[in-house]
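Every chain is numbered from 1 and lettered A, B, ... according to where its sequence line falls, protein lines coming before strand lines. Predicted, not measured: the structure shown is a model, and the values here were computed from it.
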Number of protein chains: 2
Amino acid sequence: MTTTTPGRRERLRAETVTEIKHAARRLLVAGGPTAISLRAIARDLGMTAPALYRYFASLDALILAIVTDLFEDLRATVADAAVAHGDEEPLARVGYMARAFRRWSLDRPAEFALMFGSPVPGVTPFAERCGPLNDAGARFGETFFTVLGEHYARHPFGGEAPDLPDPALRELFKPYLDIFGDRFPLPVIYLFVAAWTRLYGIVAMEVFGHLRWAMTDVEPLFEVELARTVSRLAR
Amino acid sequence: MTTTTPGRRERLRAETVTEIKHAARRLLVAGGPTAISLRAIARDLGMTAPALYRYFASLDALILAIVTDLFEDLRATVADAAVAHGDEEPLARVGYMARAFRRWSLDRPAEFALMFGSPVPGVTPFAERCGPLNDAGARFGETFFTVLGEHYARHPFGGEAPDLPDPALRELFKPYLDIFGDRFPLPVIYLFVAAWTRLYGIVAMEVFGHLRWAMTDVEPLFEVELARTVSRLAR
DNA sequence: TGCGAGGGTAAACGGCGTTCACTGGGTTGG
DNA sequence: CCAACCCAGTGAACGCCGTTTACCCTCGCA
């Protein structure tokens, strides 16, 4: 009866892995990043905690896998926003991607905190040199660079350099260049990183509630800043 | 022998409180926010954990007190930077304050994470309506508003409104107005909040290491963004 | 049919926040 | 001067947590 597919064992194993991740995400949205615990997950799945070590080497490894999945989820959402407006100008599509990023983050504050919040341990994020996460981050960046590439293919960059000579920029952005190569003029890289920090700043502030002391609704601020930032990319 | 000063008991108590806070901060810088534990503090002080409940109602209460102290420390540092350049233009002083904020944060990544990082619990920061912290935050904002006030006293604001009519801005910034009153034109409040989110964004990104994939040194980016943002306040 | 690998368990260790009953010494009022 | 009281501090306990170890049982394959 049981089809002897060569991967039957593996299939059950994969199902258990996704069940574990699902339980972890339930705990995450229910109680924040610190609410993820192996014992609670095991309770949810009707198992005991040590059994989970057959699937993940540690709690940190599990959380790392979840963060990686979340990055892929976010990437797909942002990419969808770009293709949904595929008939518009590339820079306009960047705006829709930024809005998709904001919406995704506001809808998933716990997940956002896990991905972009303070990487607690010592000082360094646990994401230092851990393959899968770096790959996910690279694919996330790639979705932006693809659309930006379309724009600069149509409108060559003629903006001003930010007071820094190209050799200095090349040294400054060595990590970026090592990952993505130099497909863009160096000032464009500069402007993109600046835009990304602005986008992150305003979204993180809003998600973490750090602006509630000042304003009731961050969206108008977001839209104005987005327009300014995108237009800066258009020089 | 023992001088019966009416506050002797209170003095010993206050000393113990600061000892507890010092131990907590040692743990914080050594292992990040999650490393703060009552039992470890008690070990450091040669006490048992339950004794700490004579001084703080819970671990959260202790952490809240520490965050409040840190805000005061940061505020004083930023204010010092302003008075150290008291002979310069107010907007230039705002720049020095921003640099002091960045330097303080880079030198104290764990403290920064505790203050500005993800407020884990459910969704809301535990800082919702807790008197002392709100007061500290208000004093922190006040140091900026004081210098900004000096500037606009000399150079009346003549910039453009950010596409939003004043009544809408007044509604938008109701929380701010309730705390600080309307000492500035509404567009100025808008520009300040925008500037604050940019400052927070770039500093948080740098402290959390979220820019290491791209660049080796964030300072040039910080300086350019700071110059742009401050000049925007000068309209 | 036998066997090995892999999924699962119970028990245990050490660490955590927090509560509770209790003690002992300094403070204070009579 | 002494009794009463207050209060810092203790020890034990409860229920969480991650993780390790030794063990078991069952499935799948040779």
Side-chain angles (χ1 to χ4, degrees), chain A residues 1-24 26-28 30-67 114 120-122 126, chain B residues 1-24 26-28 30-67 114 120-122 126:
Chain A
M1 200 47 139
T2 65
T3 59
T4 174
T5 65
R8 194 198 148 194
R9 211 83 182 151
E10 283 80 0
R11 188 173 49 81
L12 290 182
R13 185 178 174 82
E15 280 176 15
T16 307
V17 166
T18 68
E19 273 183 53
I20 293 172
K21 287 180 179 176
H22 279 33
R26 276 195 300 272
L27 291 168
L28 172 64
T34 61
I36 305 177
S37 87
L38 291 179
R39 292 187 121 110
I41 294 169
R43 265 194 305 273
D44 267 25
L45 304 191
M47 300 197 297
T48 60
L52 299 176
Y53 283 82
R54 300 281 173 194
Y55 301 91
F56 295 94
S58 69
L59 175 64
D60 274 358
L62 167 58
I63 289 179
L64 196 90
I66 292 174
V67 171
L114 190 62
V120 264
F126 67 124
Chain B
M1 196 52 133
T2 64
T3 58
T4 173
T5 65
R8 195 200 145 190
R9 211 80 181 154
E10 283 79 359
R11 187 173 50 81
L12 290 182
R13 186 179 172 80
E15 281 176 15
T16 307
V17 165
T18 67
E19 272 182 54
I20 293 172
K21 286 179 179 175
H22 279 32
R26 276 195 300 272
L27 292 168
L28 172 64
T34 61
I36 305 177
S37 88
L38 292 179
R39 294 187 120 110
I41 294 170
R43 263 194 307 273
D44 267 25
L45 303 191
M47 300 197 300
T48 59
L52 299 176
Y53 283 81
R54 299 281 169 192
Y55 302 91
F56 294 95
S58 68
L59 175 64
D60 274 359
L62 167 58
I63 289 179
L64 196 90
I66 292 174
V67 171
L114 190 62
V120 264
F126 67 123

Heavy-atom pair with the smallest gap, counting every atom of A/Ile36 and A/Leu114: CD1-CD2, 4.4 Å

Nearest-0.5 Å distance that lies between atom NZ in B/Lys21 and atom OG1 in B/Thr16: 12.5 Å

From CG (B/Leu38) to CZ (B/Phe56), nearest 0.5 Å: 10.0 Å

Whole-Å distance separating the CG atom of B/Leu62 from the C1' atom of C/dT18: 14 Å

Atom pair distance, as rounded to whole Å: CG in B/Leu38 and P in C/dT18: 6 Å

Test item: A/Leu62 and A/Leu52 side chains (from C-beta on) under 4.5 Å apart, heavy atoms: no

Gap between atom CD of B/Glu19 and atom CE of B/Met47 - 0.5 Å precision: 8.0 Å

Length of the line joining A/Leu12:CG and C/dG8:P, which is rounded to integer Å: 9 Å

Length of the line joining B/Arg39:CZ and D/dC17:P, which is rounded to integer Å: 16 Å

Length of the line joining B/Arg11:CZ and C/dT27:P, which is rounded to integer Å: 11 Å

DNA chain C contacts among residues 13-22 of chain B, heavy-atom distance under 4.0 Å: none

Strand contacts (DNA chain D) in residues 47-57 of chain A, 4.0 angstrom heavy-atom criterion: A/Ala49, A/Pro50, A/Tyr53

Between C/dG15 (P) and B/Asp44 (CG): distance, integer Å: 14 Å

B/Asp60 CG to C/dC16 P, straight-line distance once rounded to whole Å: 16 Å

Worked verdict on B/Ile63 versus B/Val67 for side-chain contact (heavy atoms from CB on, under 4.5 Å): CA-CA 6 Å; B/Ile63 289 179; B/Val67 171; 4.2 Å; yes

Euclidean distance, B/Thr48 OG1 relative to B/Arg43 CZ, rounded to 0.5 Å: 12.0 Å

From A/Ile20 atom CD1 to A/Arg54 atom CZ, the distance as rounded to the nearest 0.5 Å: 12.5 Å

d(CG, A/Leu59; P, D/dC16) in whole Å: 17 Å

Rounded distance (nearest 0.5 Å) linking atom OH of A/Tyr55 with atom CD1 of A/Ile41: 13.0 Å

